[in-house]
Amino acid sequence: MTTTGTTTAPRTVSRAEYCVIACAEAWRDNGEVLASPMGLIPSFGARLAKRTFSPDLLLTDGEAMLVGLDGSAEGWLPYRRHLTMVTGGRRHVMMGASQIDRFGNQNISCIGDWERPARQLLGVRGAPVNTLNNPVSYWVPKHSTRVFVERVDMVSGVGYDRAEAAGVTRFHRLPRVVSDLGVFDFGGPGHAMRLASLHPGVTVEDVRAATGFELAIAGEVPCTREPSAEELRLIREVIDPKGLRNREVRV
């Protein structure tokens, strides 16, 4: 596929299912770390990864317990232990982003000027500690110029440029960004965001039009990998039999 073409996909695989696969791949080869997915499709991706190519992943109920594949409790995860895992680099979060820029600075706090914001959001929460101490990926269910911006209104999650400027790069790593249009990494010049793959049916022009900054694009852009027959079965029959994934990505 060329950077000006359109990918094709089997009609039996939905865009949402490609997104689940792309999210799952964020945890490939992570070993025994706590997967902390935020959002439906990242959650399905983490569970798929644990059932297939990353069996050592640790899953949580989101509150205080480590859980197995069937959701049953396997161990206690009090808040103090959770923080130890975060600061020790034993956690890989997939967070959301109200805004994200070319170097991976993320905003979930407010839209507009800090002194008089147009909209108050979640707040910074744990984003700075997460991004400076363990791998953090991002999930954006609706790719647009409102989210992929030239400059975030407030830095919540720390990007590559700011981490380098502050000299705190030892544990800082942003493996990937997954959106409903494609997959992105930070392999561009100076750790700029780069288009890594396109979901079937999406063109490079589609992505460029929906992005508020210039993406790094190196040669031909591959297609996001297709799920195997077994992965499709797990997504449809075991992990998400109610089809909730299609509510988050309606393509």
Side-chain angles (χ1 to χ4, degrees), residues 13-77 81-86 88-97 100 106 108 125-127 129-131 133-141 157 173-180 182-185 196-197 199 224-228 230-249:
V13 182
S14 70
R15 178 77 61 80
E17 288 162 344
Y18 277 100
C19 290
V20 172
I21 287 293
C23 288
E25 286 289 342
W27 286 284
R28 184 179 286 275
D29 300 324
N30 275 200
E32 192 178 41
V33 303
L34 181 65
S36 295
M38 300 179 184
L40 274 177
I41 284 182
S43 177
F44 296 154
R47 289 159 61 187
L48 180 65
K50 183 173 176 63
R51 286 183 177 273
T52 53
F53 50 76
S54 293
D56 294 331
L57 277 182
L58 301 176
L59 301 179
T60 175
D61 64 357
E63 295 184 6
M65 305 299 294
L66 293 172
V67 298
L69 289 173
D70 62 356
S72 61
E74 291 187 340
W76 187 38
L77 188 66
R81 185 178 173 195
H82 201 134
L83 287 177
T84 299
M85 297 181 80
V86 171
R90 303 299 298 169
R91 183 185 188 218
H92 184 168
V93 186
M94 181 168 279
M95 299 175 64
I100 189 167
Q106 171 249 31
I108 52 171
R125 300 176 72 86
V129 174
N130 285 334
T131 49
N133 288 281
N134 45 228
V136 174
S137 294
Y138 292 105
W139 160 243
V140 179
R173 186 163 68 89
L174 308 177
R176 65 172 44 196
V177 178
V178 180
S179 81
D180 60 331
V183 180
F184 309 82
D185 61 22
S197 74
H199 300 329
T224 303
R225 82 163 177 88
E226 294 183 11
S228 67
E230 175 61 10
E231 287 171 330
L232 273 181
R233 185 192 70 81
L234 287 170
I235 293 171
R236 295 172 178 179
E237 299 179 15
V238 179
I239 296 172
D240 183 28
K242 294 182 179 179
L244 299 178
R245 60 193 177 277
N246 297 313
R247 297 183 184 178
E248 195 161 26
V249 177

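Being a predicted model, the structure only gives us computed values, none of them experimental.
Annotation for R15 and H199: closest pair CD-CB, 3.6 Å, computed over non-hydrogen atoms. Looking at every heavy atom in both residues, P135 comes nearest to P175 through CB-CG, 4.0 Å. Considering every non-hydrogen atom in both I108 and G96, the closest pair reads CG2-O, 3.9 Å.
Residues in residues 24-34 take part in these side-chain hydrogen bond (donor to acceptor under 3.5 Å, both in side chains) pairs, two or more places apart or across chains: E25-R28, E25-R225, N30-H92. Here salt bridge (Lys or Arg N to Asp or Glu O under 4.0 Å) pairs that include residues 42-52, with residues two or more places apart or in two chains, number zero.
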task = Would you sort out whether S137 and R176 count as a side-chain hydrogen bond (donor to acceptor under 3.5 Å, both in side chains), showing the intermediate values?
result = CA-CA 5 Å; S137 294; R176 65 172 44 196; 5.8 Å; no
ask   = How far apart are the C-alpha atoms of V33 and R91, what are their side-chain angles, what is the distance that settles it, and do they pass the side-chain contact (heavy atoms from CB on, under 4.5 Å) test?
value = CA-CA 5 Å; V33 303; R91 183 185 188 218; 5.9 Å; no
request  = Verify side-chain contact (heavy atoms from CB on, under 4.5 Å) between E237 and L232, making sure each step is shown before the conclusion.
outcome  = CA-CA 8 Å; E237 299 179 15; L232 273 181; over 6 Å; no
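Residues V249 and I41 are in side-chain contact: their nearest non-hydrogen atoms beyond the backbone lie under 4.5 Å apart. Looking at heavy atoms from C-beta onward, L234 lies in side-chain contact with T52 at the 4.5 angstrom threshold. You'll find the side chain of V136 stays beyond 4.5 Å of the side chain of M94, heavy atoms only. The shortest side-chain heavy-atom distance between V178 and Y138 does not fall under the 4.5 Å cut-off. Between Y18 and P227 the shortest side-chain heavy-atom distance falls below 4.5 Å. Residues L34 and T60 are in side-chain contact: their nearest non-hydrogen atoms beyond the backbone lie under 4.5 Å apart.
Not a single donor-acceptor pair under 3.5 Å links the side chain of S54 to the backbone N or O of L57. Remark: side-chain polar atoms of R233 are not paired, donor with acceptor, to backbone N or O of S228 under 3.5 angstrom. Within the 3.5 Å criterion, the main-chain N or O of A127 finds a donor-acceptor partner in the side chain of T131.
The side chain to side chain contact (heavy atoms under 4.5 Å, CB included) check on P141 picks up W139, E248, with sequence neighbours excluded. Legend: residues meeting side-chain hydrogen bond (donor to acceptor under 3.5 Å, both in side chains) with S179, ordered by chain and number and at least two apart, are H143. By the salt bridge (charged side-chain N to carboxylate O under 4.0 Å, His left out) test, R245 pairs with E17, D240, sequence neighbours left out. Every residue meeting the side chain to side chain contact (heavy atoms under 4.5 Å, CB included) condition with A24, not counting sequence neighbours, appears here in chain and number order: L48, A49, F53.
To the nearest 0.5 Å, atoms OG (S36) and CG (N130) are separated by 7.5 Å. Between atom SG of residue C19 and atom CG of residue L40 there is a gap of 12.5 Å, rounded to the nearest 0.5 Å.
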